[in-house]
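Everything on this sheet refers to the single structure shown next.
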Amino acid sequence: MGTLSFMFPNSLLDGTCKIVALGDSKTRYNKQGSSCFDPLRIGNCTDQQQLCGLSWGVDKAKGRRGGTVSNLKAVVDEDKRVESYGSSDVEGNESGSYDAIVIGSGIGGLVAATQLAVKGAKVLVLEKYVIPGGSSGFYERDGYKFDVGSSVMFGFSDKGNLNLITQALAAVGRKLEVIPDPTTVHFHLPNDLSVRIHREYDDFIEELVSKFPHEKEGIIKFYSECWKIFNSLNSLELKSLEEPIYLFGQFFKKPLECLTLAYYLPQNAGSIARKYIKDSGLLSFIDAECFIVSTVNALQTPMINASMVLCDRHFGGINYPVGGVGEIAKSLAKGLDDHGSQILYRANVTSIILDNGKAMGVKLSDGRKFYAKTVVSNATRWDTFGKLLKAENLPKEEENFQKAYVKAPSFLSIHMGVKADVLPPDTDCHHFVLEDDWTNLEKPYGSIFLSIPTVLDSSLAPEGHHILHIFTTSSIEDWEGLSRKDYEAKKELVAERIISRLEKTLFPGLKSSILFKEVGTPKTHRRYLARDSGTYGPMPRGTPKGLLGMPFNTTAIDGLYCVGDSCFPGQGVIAVAFSGVMCAHRVAADLGFEKKSDVLDSALLRLLGWLRTLA
């Protein structure tokens, strides 16, 4: 039979599969665990196992009892998974017969790829791991199905133009069953401030006004301004802002809406809020609202971004896909295959091939090369221009971008399985916890976001159990330079403190109810999601002029495009889906699948470049 190979999926696993009973201070490895999964724990791997290749000798596996035999099933299951999601045996293509190569299968990359495929383009998506989705992927352990990233799904309703996930799935003939979430998030904030973001807008406003009755007028005016922006966006057909025929067409159809968006493009949510609101506690609450969107406070959050999220949660609502967030990427990948394009897994792109300054293809870590008319990078801009291209040849516009923006922090993530009875019966799915001091909002480990998706979909965990996904901001520098022993000890210490805070604030007895726990650090996010420093997008160095400084999809390299959270409009599922739609439209125009005017293109791109310099 030779050798079966298994590359670790897009999970945030950083440590062995453990069952931890914190109450009796005992730690046990489960039957399916293997101590060689951790990036810093490799001492227990056998000679025939390769970390991140995890090449298992089959005949040796057959002859062993315990871990290796049980893991052989996981290897086979992962190979079946690859077959079910797309092709895994594409050979290097020297002819350049692809219209587009997409590096990475995050939501932005998959939306761009499927939109192009629907237009008739032949697309090849190259994914480093064995499942699609990136930070919107999933992994399974001991009967639990964990979302890798956030479980708060925007853009997943059945109405409007901002339901971009629904539209992306429909474009490739796919539809997912969803479960409406009655509460977007339950805030637990300093001074015993508790606010639920109800699905119904009027209920939310009523609750917020009850906490700040003296600011009723300011609350209504601020959120009404958000609605003005959202309604303008929601009335437009959303395509590339870098394509002038579309842009001018939308302007002539909806001039007032376009002018409204142009007016708010350089503005931030915090500045607008301060026009109407004076109470420092309420302004801090709006900071927390924006922090969930952008990992920065309201003064640094573009008003357009804030409005998309603060209104869509009421317009279309938060809707959780049955089977978990990973079902979105799985469905898009299958839709891509249905439309004659391909996704290749275990395809680690190490460089973008240039020919006379034009992007022509990519090279993989195994030496294979693929060529296409265009290349779309779903990697971060730091990875794209610092690793896939030579950093010393950084284009001027990328220099300017990196002067204006820094890498947003990564996260410490904790995935847990717990006994269901530790949660009160009316527990909300999503929680945001900042229990002591507003000044800790943006500090590492200061605030905690908690998702309990089994509140909505109990099938994700064994009967009588719940999933808790906890994450808090953390920088990779905090985890560098540690020995393996110190790294492991620090993970446990930080996780223990975070869990203790949740036990004290929300769920008494939480520690003793834990049946399963895995901890991931920024190093985990960097390793398994191929994100520079584990970052989740750009963060302005100072106070930005709204979205004015954010780069779009085109780059200074001919034939190279970027998509995802380090492009306009930024972070979040709905934002990266928007980025994917815009990117596909611009690429399709350049490939001849959409109308195009070279003269207007040149003028518009120069104008957009100049506007970015104003930021």
Side-chain angles (χ1 to χ4, degrees), residues 5-13 52-54 77-93 98 100-117 122-139 147-149 168 172 325-352 361-370 372 374-380 383-384 387-388 525-532 561-565 576-577 579-580 583-584:
S5 295
F6 163 61
M7 181 173 284
F8 197 76
N10 269 0
S11 78
L12 293 186
L13 180 61
C52 216
L54 270 142
D77 287 346
E78 292 302 328
D79 283 339
K80 288 180 180 178
R81 179 176 293 166
V82 170
E83 292 171 6
S84 69
Y85 298 157
S87 176
S88 60
D89 57 358
V90 182
E91 297 296 329
N93 182 350
Y98 294 107
I101 288 173
V102 178
I103 304 169
S105 68
I107 294 298
L110 283 174
V111 170
T114 50
Q115 293 280 307
L116 282 168
K122 185 177 180 183
V123 184
L124 175 64
V125 178
L126 299 171
E127 169 54 49
K128 180 179 179 180
Y129 294 112
V130 298
I131 58 172
S135 54
S136 292
F138 71 98
Y139 72 98
D147 296 331
V148 168
V172 290
V325 171
E327 296 300 310
I328 300 171
K330 286 165 58 177
S331 293
L332 288 172
K334 290 174 182 176
L336 181 73
D337 195 61
D338 291 343
H339 283 75
S341 288
Q342 297 168 295
I343 180 167
L344 172 61
Y345 298 94
R346 303 189 179 112
N348 182 22
V349 175
T350 55
S351 63
I352 295 170
V362 300
K363 182 179 179 180
L364 306 190
S365 58
D366 61 10
R368 281 181 294 171
K369 297 178 180 179
F370 295 90
T374 57
V375 176
V376 177
S377 176
N378 192 197
T380 71
D383 288 288
T384 301
K387 297 176 183 177
L388 302 181
H525 295 241
R526 179 180 65 184
R527 182 182 186 93
Y528 291 115
L529 299 179
R531 305 182 70 92
D532 191 301
Y561 306 79
C562 285
V563 69
D565 54 25
V576 297
S579 173
C583 186

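Positions are given from 1 along the sequence. The model shown is predicted, which means the values in this text are computed figures rather than measured ones.
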> Does NZ or CZ of K363 fall inside the cone over F370's six-membered ring, less than 6.0 Å from its centre and within 45° of the axis?
Replying inline: no

>> The criterion is salt bridge (charged side-chain N to carboxylate O under 4.0 Å, His left out); which residues satisfy it with K387, sequence neighbours excluded?
In response: D383, D532

>> Any heavy-atom pair between the side chains of V148 and S136 that's under 4.5 Å?
In response: no

>> Within this structure, what is the NE2-CZ distance for the pair H525 and R531, rounded to the nearest 0.5 Å?
In response: 10.0 Å

> Just how far is it from atom CG of L336 to atom CG of L332, taken to the nearest 0.5 Å?
Replying inline: 8.5 Å

> For the atom pair OG (S351) and CG (L388), what is the distance rounded to the nearest 0.5 Å?
Replying inline: 7.5 Å

>> Any side-chain to backbone donor/acceptor pair from Q115 onto A584? Under 3.5 Å, distance only.
In response: no

> For the atom pair OG (S135) and CG (D565), what is the distance rounded to the nearest 0.5 Å?
Replying inline: 7.0 Å

> Is the shortest heavy-atom distance from the side chain of V123 to the side chain of Y98 under 4.5 Å?
Replying inline: no

> Does I328 offer a backbone N or O that forms a donor-acceptor pair with the side chain of S331 under 3.5 Å?
Replying inline: no

> Between CD1 of I101 and CD of Q342, what distance do you get to the nearest 0.5 Å?
Replying inline: 11.0 Å

> Given side chains that start at C-beta, do those of Y129 and Y528 come closer than 4.5 Å, heavy atoms only?
Replying inline: yes

> With a 4.5 Å limit on heavy-atom distance, are the side chains of V325 and F138 in contact?
Replying inline: no

> CG/L529 to NZ/K128 distance, rounded to the nearest 0.5 angstrom?
Replying inline: 9.0 Å

>> Can you tell me which residue among V563, T384, I352, N378 is in a side-chain contact (heavy atoms from CB on, under 4.5 Å) with I103?
In response: I352

> Is there side-chain contact between L124 and L126, with heavy atoms separated by less than 4.5 Å?
Replying inline: yes

> Does the pair Y561 and V375 meet the rule for a side-chain contact (heavy atoms from CB on, under 4.5 Å), with working shown?
Replying inline: CA-CA 6 Å; Y561 306 79; V375 176; over 6 Å; no

>> Can you give me the closest heavy-atom contact between S105 and P132, atom names plus distance?
In response: OG-CA, 3.2 Å

>> Please enumerate all residues that pass salt bridge (charged side-chain N to carboxylate O under 4.0 Å, His left out) together with D147, with sequence neighbours excluded.
In response: none

> Within the distance-only criterion (no hydrogens, no angle test), does the side chain of S579 pair as donor or acceptor with the backbone N or O of G564 below 3.5 angstrom?
Replying inline: yes

> Which atom pair, heavy atoms only, marks the closest approach of V111 to A577?
Replying inline: CG1-O, 3.7 Å

>> Are the side chains of V376 and V102 in contact, using a 4.5 Å heavy-atom criterion?
In response: yes

>> Can you tell me which residue among D338, D337, T114 is in a side-chain contact (heavy atoms from CB on, under 4.5 Å) with V172?
In response: T114

